[in-house]
Amino acid sequence: MATPPDDRLDQLLELVVELASGDTGARMTPSPAADEIDAVIVGVNMLAEELQALNGDLEARVTERTVQLEQAHLQLERLALYDPLTGLANRTLLGDRISLAMAHADRGAAPPAVLLLDLDGFKAVNDSFGHPVGDLLLVEIGRRLREMVRETDTVARLGGDEFALVVVDAGHEQVLAMAERIRVALQAPVQAGEQSCWVSASIGVCFAVRGQDAATLLRDADTAMYAAKNGARGSVQVYEPRMHATALSRVLLAEDLRVAIADDQLLVHYQPIVDLTTGRTTGVEALVRWEHPERGLLAPAEFVGVAEDTGLVTALDRWVLRTAVAQLAAWRSGFLRGHEFAMHVNVSPIELRTPRFAEGVLDCLAEHGVPPGDLVLEMTESHLMGEDAGTLSALEQLRTAGIAVAIDDFGTGYSSVGYLRRMFLDVVKIDRSLITGLDTDPQQHRVAAAILAIVDAFGLEAVAEGVETAEQAERLRALGCRYGQGYLWGLPLPAEGMTALLVVSAAMNPP
Ligand code: C2E
Ligand code: CA
Ligand code: CA
């Protein structure tokens with residue numbers, strides 16, 4: 001009897017082909033014969049099983065590796081395009097987004113607007129409370145900004161305390177309303193760790209025009225921001241072409257100033273500082289002026305800012321120090337011999353941090369034979385706050401040598417009692433803003449009284465600035481303030497005028 005045709009070998013061959021082509025799920029059922037061929041079928045099935053398991057494993061590993069690669073890629077992209085502190089876009093991504101928005105504008109969409117923000121007072125926060133608090137503040141500012149824009153807008157941090165926004169699909173009014181909302185929102189105090197601090201933002205707005213490139217758009221927004229900064233603190237300015245001219249004129253002014261310092265076009269005016277109990281002039285403050293060849297006599301407000309921005313302030317301050325010390329030497333060798341008298345000179349914090357600053361001052365004094373006790377160096381409060389070792393050691397060196405240090409404009413920044421105790425100080429100059437309402441506003445009177453009591457408690461001397469009325473002077477004296485300075489006793493005068501005044505005062509009050 002003929003055996004039925006056995007197609008198991010054909011099926012087996014098909015199975016092997018299927019498995020080889022990647023279908024690892026293919027199987028074959030063995031026959032009831034359970035012969036050698038079935039044994040091979042069972043063996044192939046087992047191998048297939050093994051293969052399927054291996055394949056699954058491999059696939060899982062490939063998936064895992066792919067996810068890891070994607071994450072690494074994203075992280076690289078984040079590093080290249082985002083600010084690590086705030087998670088906001090960085091300058092590169094901002095540039096891309098502006099270019100993209102400009103490309104849309106070329107195809108008919110409304111051109112974007114760029115807002116550039118710079119925080120006012122951030123440096124004081126950093127200097128006063130340290131960088132970790134500064135960082136927390138920046139993170140919070142970033143969060144607030146992101147909250148105030150739409151998904152389609154971009155918020156970027158350009159570095160330091162500078163932020164930028166690209167606003168798309170919005171009319172001018174909408175953009176300006178947004179800028180105003182941002183300005184107000186950023187003024188709210190920020191809780192950074194244990195510190196509550198606040199800053200404000202100067203905002204420059206530039207509306208793009210078709211065909212403009214990202215770089216000029218950013219530059220113009222920056223120019224507008226600069227105008228905002230120079231105007232009222234914490235304001236919004238829209239870019240206008242004339243602003244570009246102003247920025248340019250600052251550059252030109254810096255060039256002129258460089259020449260002016262070298263060519264002795266600067267002058268020093270002197271303003272008396274008076275002992276409130278005796279009425280004697282016990283010193284003068286040296287205040288720089290610039291006899292500009294075209295613009296006439298310029299006040300420091302018109303050029304000290306430029307000098308600080310360009311680093312020229314160091315040369316400027318040295319020039320003023322040399323001139324004032326030489327002047328004092330001349331007075332001391334004549335009618336001021338033996339009199340109690342001090343020369344106050346302003347120094348920029350930038351200068352204080354330059355290496356060998358204290359030696360330079362002492363060399364200058366030695367050269368003119370002026371004792372260190374005759375000099376008071378005035379430094380603005382916010383800048384004195386720096387806790388960097390350079391500043392502190394320079395202050396210590398000056399004081400060890402016998403030079404007095406005054407904190408200037410006290411009451412305008414983060415006037416903290418802690419600083420008075422910790423810093424190396426001798427004199428506190430109380431800002432004019434705290435003196436102005438002294439004779440009219442009871443609240444101001446109480447504030448001034450409190451400050452004077454604190455200054456006294458730390459064993460420091462107080463000089464009230466901007467005293468304009470006899471009533472203010474009398475109240476200050478009654479509150480225990482020792483010295484005053486202001487228009488009541490005289491405007492800042494050129495050296496000859498001040499000499500004449502001092503001759504009279506010295507004759508009336510012999511040492
Ligand atoms: P400051 O150190 O607070 O100087 C006092 C300013 O108040 C002077 O302005 C002075 O003219 C003005 N002033 C004095 N008494 C009165 C008053 O009774 N009423 C009013 N309304 N003002 C009064 P000035 O000379 O324009 O100087 C402005 C600022 O420029 C100074 O403020 C100081 O911060 C800076 N500065 C002046 N000279 C130098 C310098 O040589 N180097 C540096 N780095 N800064 C300087
Ligand atoms: Ca001063
Ligand atoms: Ca002052």
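Just so we're clear, the structure is a prediction, and the values are computed from it rather than from any experiment. Indexing begins at 1, ligand by ligand and atom by atom, following the structure's order.
- Proximity of a side-chain donor or acceptor of Asp275 to a complementary backbone N or O of Thr277 within less than 3.5 Å is detected.
- Using a 4.0 angstrom heavy-atom cutoff, Gln271 counts as in contact with ligand 1.
- The shortest side-chain heavy-atom distance between Ile273 and Val284 does not fall under the 4.5 Å cut-off.
- Remark: among candidates Asp409, Leu491, Asp317, Leu316, the nearest residue to atom 42 (N) of ligand 1 is Asp317, based on non-hydrogen atoms.
- Interface atoms of ligand 1 facing Glu465, defined by a heavy-atom separation under 4.0 Å, are 3 (O).
- In this structure, Glu285 is part of the shell of residues with a heavy atom less than 4.0 angstrom from ligand 1.
- Nearest-residue assignment for atom 12 (C) of ligand 1 (options Trp319, Phe303, Tyr487; heavy-atom criterion): Tyr487.
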Show the numbers, then the answer: is there a side chain to side chain contact (heavy atoms under 4.5 Å, CB included) between Leu186 and Val199? CA-CA 7 Å; Leu186 296 195; Val199 290; 5.7 Å; no

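- Using a 4.0 Å heavy-atom cutoff, Ala301 is absent from the residues neighbouring ligand 1.
- When only non-hydrogen protein atoms are considered, atom 11 (O) of ligand 1 lies nearest to Pro492 CG, 3.4 Å.
- Annotation for Arg144 and Val190: closest pair NH2-CG2, 3.5 Å, computed over non-hydrogen atoms.
- Tyr270 approaches Ala324 most closely through the heavy-atom pair OH-CA, 3.7 Å.
- The closest side-chain heavy-atom distance from Leu267 to Val288 is not below 4.5 Å.
- Checked by atom type and distance alone, the side chain of Asp431 never pairs as donor or acceptor with a backbone atom of Leu434 at under 3.5 Å.
- If you check which protein heavy atom lies closest to atom 41 (O) of ligand 1, you get Val320 CG2, 3.4 Å.
- For the pairing with Val155, the side-chain contact (heavy atoms from CB on, under 4.5 Å) check across Asp83, Leu88, Val167 returns one residue only, Leu88.
- Between Phe207 and His172, the two ring planes are parallel [angle under 30°; tilted spans 30° to 60°].
- For atom 23 (C) of ligand 1, the nearest protein heavy atom lies closer than 4.0 Å.
- No donor-acceptor distance shorter than 3.5 angstrom exists from the side chain of Ser505 to the backbone of Leu501, with no hydrogens or angles considered.
- Within the 3.5 Å criterion, the main-chain N or O of Phe341 finds no donor-acceptor partner in the side chain of His339.
- Under a 4.0 angstrom heavy-atom cut-off, Lys429 registers as lying outside contact with ligand 1.
- For the side-chain contact (heavy atoms from CB on, under 4.5 Å) with Ile261, the lone residue among Leu316, Asp256, Thr314, Val313 that qualifies is Leu316.
- Listed by chain and number, the protein atoms of type N/O/S under 3.0 Å from the Ca ion (ligand 2) are Glu285 OE2, Asn346 OD1, Glu378 OE1, Asp408 OD2; waters are omitted.
- Less than 4.0 angstrom separates atom 34 (O) of ligand 1 from none of the non-hydrogen atoms of the protein.
- Considering only non-hydrogen protein atoms, atom 26 (O) of ligand 1 sits nearest to Pro300 CD, 3.5 Å.
- Summarising the contacts of atom 31 (C) of ligand 1 with Leu287, Val268, Asp408, the nearest heavy atom is found in Leu287.
- At least one donor-acceptor pair under 3.5 Å links the side chain of Gln472 to the backbone N or O of Thr469.
- At the top of the distance list for atom 38 (N) of ligand 1, counting protein heavy atoms only, stands Val288 N, 3.1 Å.
- A donor-acceptor pair is defined here as one N or O able to donate and one able to accept, closer than 3.5 Å; no such pair exists between the side chain of Glu285 and the backbone of Pro272.
- Of the options Val345, Asn346, Val347, the smallest heavy-atom separation from atom 45 (N) of ligand 1 is shown by Asn346.
- Proximity of a side-chain donor or acceptor of Thr499 to a complementary backbone N or O of Ala495 within less than 3.5 Å is detected.
- Protein heavy atoms are found inside the 4.0 Å sphere centred on atom 2 (O) of ligand 1.
- Near Arg432, meaning under 4.0 Å from any of its heavy atoms, are these atoms of ligand 1: 19 (N), 20 (C), 21 (N), 22 (N).
- Looking only at heavy atoms of the protein, atom 19 (N) of ligand 1 is closest to Glu468 OE2, 2.5 Å.
- Using a 4.0 Å cut-off between heavy atoms, Arg289 contacts ligand 1 through its side chain alone, with no backbone atom that close.
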